[in-house]
Q: 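Take this structure first; my questions come after.
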Amino acid sequence: MAAKPGASGSEMEEVDRNVEKWRMKKMIQNLQAAKGVASAGLITLMIPPKDQISKATKLLNEEYGTATSIKSHTTKLAVQTAITSSLAKLKLYNRTPVNGLIVYCGNVMTEDNKEKKVTVDLEPFKPVSQAKYVCDNKFHVDELYRMLESDDKYGFIIMDGNGTLFGTLTGNTRDILHRFTVELPKKHGRGGQSAARFGRLRQEKRRNYVRKVCELSVSFFITNDRPNVAGLILAGSAEFKNDLMQSEIFDPRLKAVVKKLVDVGYGGENGFNQAIELSQDCLGNVKFLKEKKLINEFFDHLAKDTNMYCFGIDDTMRAIAMSAMKTLIVWEESQYRRFEVKGGNLDPDKEYVYYMTDAQATAAGIFKDSDGQALDVEVMDFVEYVAQNYKNYGCTLEFITNKSPEGSQFVNGFTGIGGILRYAVNFVELHELEKGGEANEEDIDGGEDFNDDDFI
């Protein structure tokens with residue numbers, strides 16, 4: 001998200017935090033894909049906030065001396081080179097940053113089997129939890145994953161007469177931990193003198209079912225003798241959730257964090273989705289709900305045809321150029337890129353900017369001129385571009401995923417790029433006028449001058 005005029009300080013901080021999280025996700029992907037040129041030689045160094053830089057420097061110097069005893073010349077060279085690069089990075093810091101420091105160094109193999117030097121020094125937005133030094137053939141990113149986790153993780157138990165689902169909601173990530181089915185005898189009036197016995201058997205199976213759910217809930221939601229979730233939601237279409245809550249077997253540590261009992265019309269995954277919807281009042285600022293609310297607002301504008309929305313890369317960039325964008329919505333895994341081409345067939349002295357996927361750029365032939373000569377092209381991920389420049393747009397930048405039903409619909413149906421506008425813009429008329437203008441650009445009689453304001 002990005003700051004907007006009139007945004008509060010907390011909103012602006014959340015905007016910057018989400019951009020930092022997106023950048024860290026991209027970094028994790030790149031670091032995980034990196035493979036060392038030797039059996040060791042990729043260094044992961046983590047310095048907690050209260051540790052001294054000098055302590056880490058001493059450790060690296062000792063490791064450099066130890067590396068001299070490595071028999072493989074290739075491995076020894078890779079390790080010593082990575083240690084030297086790490087020491088150079090540490091010299092840039094007089095003291096440990098507020099949240100600590102993470103350093104990744106080493107030579108990696110690229111896709112075309114060439115060596116590439118990687119040196120990353122990261123001041124994270126959350127404190128580093130532990131001191132760590134690892135020299136391996138891969139980078140260790142567990143700590144970065146931990147930082148991406150939302151502070152608030154909620155547990156869900158969806159329980160009905162057909163089975164139970166255990167799940168969690170963290171930010172905008174919904175995970176199913178476990179599910180199982182059960183066959184319980186139904187109520188009936190048959191049996192004559194045996195009716196009471198059938199009733200006892202039925203109640204016994206229900207108690208065993210509740211007991212099993214209680215036992216599994218401890219294994220999923222208790223870690224180190226304490227709940228690993230900020231809250232627990234019990235949901236179901238019958239009385240089982242109430243029986244679970246009232247059961248003496250249900251762990252009191254989990255009872256203490258139960259936030260709500262929710263009646264849902266379904267079991268399983270559909271019941272999980274419905275329980276999330278009905279628990280909004282107690283889930284607070286969970287990103288999953290914010291994402292659903294944001295995209296539903298976009299769909300409301302679309303349904304009412306207010307002209308206060310846009311989608312697709314072309315209309316989105318036009319809205320930004322017109323300063324009409326209020327909330328820019330971007331799929332965090334968008335494949336679009338920004339191509340800045342110097343020269344070309346139209347004017348060799350000008351620079352042209354295109355927003356396309358790699359496949360579209362290749363098909364359009366933007367990399368070569370009419371004579372087949374390669375052009376100077378600078379390429380940048382579109383998401384990275386807007387993340388760097390959103391403050392210049394005066395709009396809010398919201399990253400979404402395709403993990404919610406609404407997010408998936410926005411990504412698949414609207415290319416994953418769009419926004420909500422400050423004022424209405426009729427893009428259809430704007431496009432028609434442009435087509436007419438192109439057809440009549442040789443008209444010597446001229447005509448009425450139009451600009452973007454005519455379509456607001």
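Scope of the values below: all heavy atoms of this structure, side chains included, with no hydrogens, waters or symmetry mates.
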Q: Under the rule for side chain to side chain contact (heavy atoms under 4.5 Å, CB included), what residues qualify as partners of V262, not counting sequence neighbours?
A: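 Expected list: I233, A235, K260, V264, L278, S279.
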Q: Under the side-chain hydrogen bond (donor to acceptor under 3.5 Å, both in side chains) rule, what pairs show up with a residue in residues 61-74, not counting sequence neighbours?
A: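 Checked against side-chain hydrogen bond (donor to acceptor under 3.5 Å, both in side chains) - neighbours excluded - the pairs reaching residues 61-74 are S72-T75.
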Q: With a 4.0 Å cut-off, would you call R23 and E384 a salt bridge?
A: yes
Q: Could you give me the CA-CA distance, side-chain angles and deciding distance for Q32 and Q29, then say whether side-chain hydrogen bond (donor to acceptor under 3.5 Å, both in side chains) is met?
A: CA-CA 5 Å; Q32 276 190 317; Q29 292 175 1; over 6 Å; no
Q: Distance-only criterion, 3.5 Å: show the donor-acceptor pairs between side-chain atoms of residues 78-103 and protein atoms not counting sequence neighbours.
A:
unit_1	atom_1	unit_2	atom_2	d
T81	OG1	L77	O	2.7
T84	OG1	Q80	O	2.8
S85	OG	T81	O	3.1
S85	OG	K117	NZ	3.2
S86	OG	A82	O	2.9
K89	NZ	D121	OD1	3.2
Y93	OH	D121	OD2	2.6
T96	OG1	D51	O	2.5
N99	ND2	P124	O	3.1
N99	ND2	F125	O	3.4

Q: Who are the side-chain hydrogen bond (donor to acceptor under 3.5 Å, both in side chains) partners of Y355, not counting sequence neighbours?
A: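 R338.
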Q: Partners of E123 by side-chain hydrogen bond (donor to acceptor under 3.5 Å, both in side chains), sequence neighbours excluded?
A: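 With neighbours one apart ignored, the set is empty.
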Q: Using salt bridge (charged side-chain N to carboxylate O under 4.0 Å, His left out) as the criterion, list what pairs up with D243, not counting sequence neighbours.
A: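 D243: salt bridge (charged side-chain N to carboxylate O under 4.0 Å, His left out) contacts with R206.
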Q: Using the salt bridge (charged side-chain N to carboxylate O under 4.0 Å, His left out) criterion, which residues pair with E378? Sequence neighbours excluded.
A: K342
Q: For K293, is there an ion pair with E406 - N to carboxylate O distance below 4.0 angstrom?
A: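 No salt bridge links E406 with K293.
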Q: Just to verify, what does R211 make a salt bridge (charged side-chain N to carboxylate O under 4.0 Å, His left out) with, not counting sequence neighbours?
A: none
Q: Walk me through whether E291 and S404 qualify under side-chain hydrogen bond (donor to acceptor under 3.5 Å, both in side chains).
A: CA-CA 8 Å; E291 179 177 302; S404 68; 2.9 Å; yes
Q: Quick one: side chains of residues 216-224, donor-acceptor pairs under 3.5 Å with protein atoms, not counting sequence neighbours, listed by atom name and distance.
A:
unit_1	atom_1	unit_2	atom_2	d
S217	OG	V213	O	3.3
S217	OG	C214	O	2.6
S219	OG	L216	O	2.7
T223	OG1	N228	ND2	2.9

Q: Once salt bridge (charged side-chain N to carboxylate O under 4.0 Å, His left out) is applied, what residue pairs with a partner in residues 355-364 remain, sequence neighbours excluded?
A: R337-D358
Q: Please enumerate all residues that pass side chain to side chain contact (heavy atoms under 4.5 Å, CB included) together with E248, with sequence neighbours excluded.
A: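 Listed in chain order: nothing, the list is empty.
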Q: What side-chain donor-acceptor pairs closer than 3.5 Å can you find for residues 249-259, not counting sequence neighbours?
A:
unit_1	atom_1	unit_2	atom_2	d
D251	OD1	R253	N	2.8
D251	OD1	R253	NE	2.9
D251	OD2	R253	NE	3.4
D251	OD2	R253	NH2	2.7
R253	NH1	D225	O	3.4
K255	NZ	M245	O	3.4
K255	NZ	S247	O	3.0

